[in-house]
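Notes follow once the structure below has been shown.
Here the structure is a predicted model, which means the values were calculated and not measured. Counting convention: from 1, in listed order, for ligands and their atoms alike.
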Amino acid sequence: MRAAIFKELGKPLVIEEVPKPQVKENEILMQVKATAICIADIYSIKGQRPLQLPHIMGHEAAGLVAEVGSGVRNFKPGDRILGNAIVTCEQCYYCKKDLEQLCENHKIIGTDSGTQGAFAEYYKLPAQNIYQLPEEIPFDQATVITSPLASAYHGVQIADIQRGDTVVVYGSGAIGYHAMLGAMTYEGIRALVVDTVDQKLQLAREAGAVAIINAQHEDPVAAVNRLTDGRGAAVAIEAVGSLRTVNQAILSVRKAGRVVLMGAPWEKIVIEFDNYRKDFLFKEVKISSSITNRKDEMNPLIQLVRTKKIDLSRSISLTLPFEKINAGIEIVKNNVGNPIRVVMNFS
Ligand SMILES: [Zn+2]
Ligand SMILES: [Zn+2]
């Protein structure tokens with residue numbers, strides 16, 4: 001099979017023939033139809049998330065079942081599928097407490113060293129990481145479900161959204177944009193979106209945000225207050241990952257507000273209150289962080305996409321043939337045109 005191999009830091013991936021992965025008893029081999037580039041892949045390419053090289057990256061894939069292991073009953077060759085690449089150990093303290101998203105030994109197939117990812121014609125995963133993909137969902141949109149939508153939706157679950165809530169989302173990139181779509185599956189939600197790039201704000205507007213706030217031009221905390229009768233939003237979702245937006249998100253919620261922090265900054269973050277009593281203590285604000293997703297969230301999420309309660313039609317910024325993967329990586333790395341998702345297709 002052809003695979004894009006990460007051989008050397010600072011060099012393009014090399015497309016080469018390599019042997020197909022061999023499935024074990026409870027594994028499924030996917031014939032990859034679409035595979036997307038994630039920011040996690042870019043961290044590895046930049047050396048921020050070091051990998052043992054050579055390595056085949058990619059963890060956001062959808063396609064067809066090519067082969068099933070002898071122990072797999074619920075899938076057969078030819079089934080349309082998507083994969084969620086997070087493998088948990090089922091043995092550790094957190095797994096035993098039904099907190100698999102916090103597994104101490106969790107591994108992302110394709111993103112962690114010693115695993116083989118989906119920048120290839122074939123890709124294997126444990127059967128429990130594979131989900132049936134309804135006909136209504138195209139393969140390129142399915143790649144969005146596997147990782148950015150799954151992570152964003154997990155954060156939305158943590159936010160404890162109630163009917164009629166105003167939800168402010170900081171950052172309209174892959175996580176923030178999809179968190180907004182996830183939040184809007186609740187009834188009567190007013191979504192406000194903060195970003196500094198007009199193009200991303202326009203996309204959020206088209207997808208249903210009732211108000212967009214460009215933080216270059218106005219103070220987002222003041223804008224959120226203005227749009228909520230001075231109270232603040234019920235929920236703030238932070239998906240930028242900067243010192244400023246983490247602090248702004250916390251200051252944007254009303255009393256009994258919930259803040260979910262999903263951005264992943266590398267730098268030190270300090271949370272500061274000019275008036276701790278007024279701005280935090282007397283408000284009973286809940287602050288949570290959110291990372292990755294849970295298996296039991298996947299099928300409900302796939303149904304939300306199938307029934308168009310979550311519309312992923314604007315999520316794919318660019319599709320390229322697999323052979324152009326290095327061009328795709330450059331686009332994501334340099335944020336050319338602010339893509340939500342760049343997807344590689346196998347014809
Ligand atoms: Zn991802
Ligand atoms: Zn575990």
Side-chain angles (χ1 to χ4, degrees), residues 4 6 13 30 32 34-46 48-49 51 55-63 82-113 115-120 123 125-126 128-131 139-156 171 173-179 181-182 239 241 262-264 266 290-298 301-302 305 312 315-319 325 328-329 331-333 335 339-344:
F6 184 12
L13 307 187
M30 178 194 295
V32 178
T35 184
I37 300 167
C38 183
I39 193 71
D41 302 315
I42 302 299
Y43 291 152
S44 297
I45 283 169
K46 288 180 172 171
Q48 286 170 311
R49 202 179 195 286
L51 281 173
H55 181 91
I56 300 172
M57 297 187 293
H59 62 264
E60 303 185 355
L82 62 83
N84 176 251
I86 301 167
V87 177
T88 54
C89 76
E90 293 170 31
Q91 313 278 326
C92 74
Y93 179 87
Y94 294 104
C95 281
K96 284 185 180 153
K97 286 201 171 305
D98 190 27
L99 292 167
E100 60 167 70
Q101 71 275 21
L102 303 173
C103 172
E104 290 175 319
N105 308 306
H106 97 291
K107 232 179 13 184
I108 305 179
I109 307 287
T111 303
D112 287 321
S113 288
T115 65
Q116 184 166 328
F119 290 168
Y123 164 61
L125 283 175
Q128 58 170 350
N129 289 73
I130 297 278
Y131 301 86
F139 291 117
D140 55 357
Q141 289 185 18
T143 67
V144 176
I145 304 174
T146 66
S147 168
L149 181 61
S151 298
Y153 189 68
H154 179 65
V156 167
I175 296 293
Y177 175 74
H178 291 111
L181 297 186
M262 305 190 69
W266 295 93
S290 170
I291 195 75
T292 72
N293 64 280
R294 296 171 54 86
K295 290 186 189 69
D296 57 10
E297 292 162 345
M298 290 302 292
L301 191 52
I302 291 166
V305 176
L312 296 181
S315 299
I316 312 296
S317 315
L318 178 67
T319 53
I325 189 164
I329 285 170
I331 288 165
V332 178
K333 190 167 86 182
N335 204 22
I340 297 280
R341 264 303 176 264
V342 173
V343 177
M344 255 57 57

When you look at NZ of Lys107, are more than 12 heavy atoms from neighbouring residues, nucleotides or ligands closer to it than 6.0 Å? no

Could you tell me whether the Zn ion (ligand 1) has an N, O or S atom of Thr146 under 2.8 Å away? no

The Zn ion (ligand 2): angle it makes with SG (Cys89) and SG (Cys95), nearest 10 degrees: 120°

The Zn ion (ligand 1) is nearest to which N, O or S atom of His59? NE2

Quick check: does His106 put an N/O/S atom under 2.8 Å from the Zn ion (ligand 2)? no

Please check if any side-chain donor atom of Glu90 sits under 3.5 Å from a side-chain acceptor atom of Gln128, or the reverse. yes

When you look at CG of Leu99, are more than 12 heavy atoms from neighbouring residues, nucleotides or ligands closer to it than 6.0 Å? yes

With a 4.0 Å cut-off on N to O distance, would you call Asp140 and Arg341 a salt bridge? no

Of all the N, O or S atoms in Glu60, which has the shortest distance to the Zn ion (ligand 1)? OE2

Are there more than 12 heavy atoms of other residues, nucleotides or ligands under 6.0 Å from atom OH of Tyr94? no

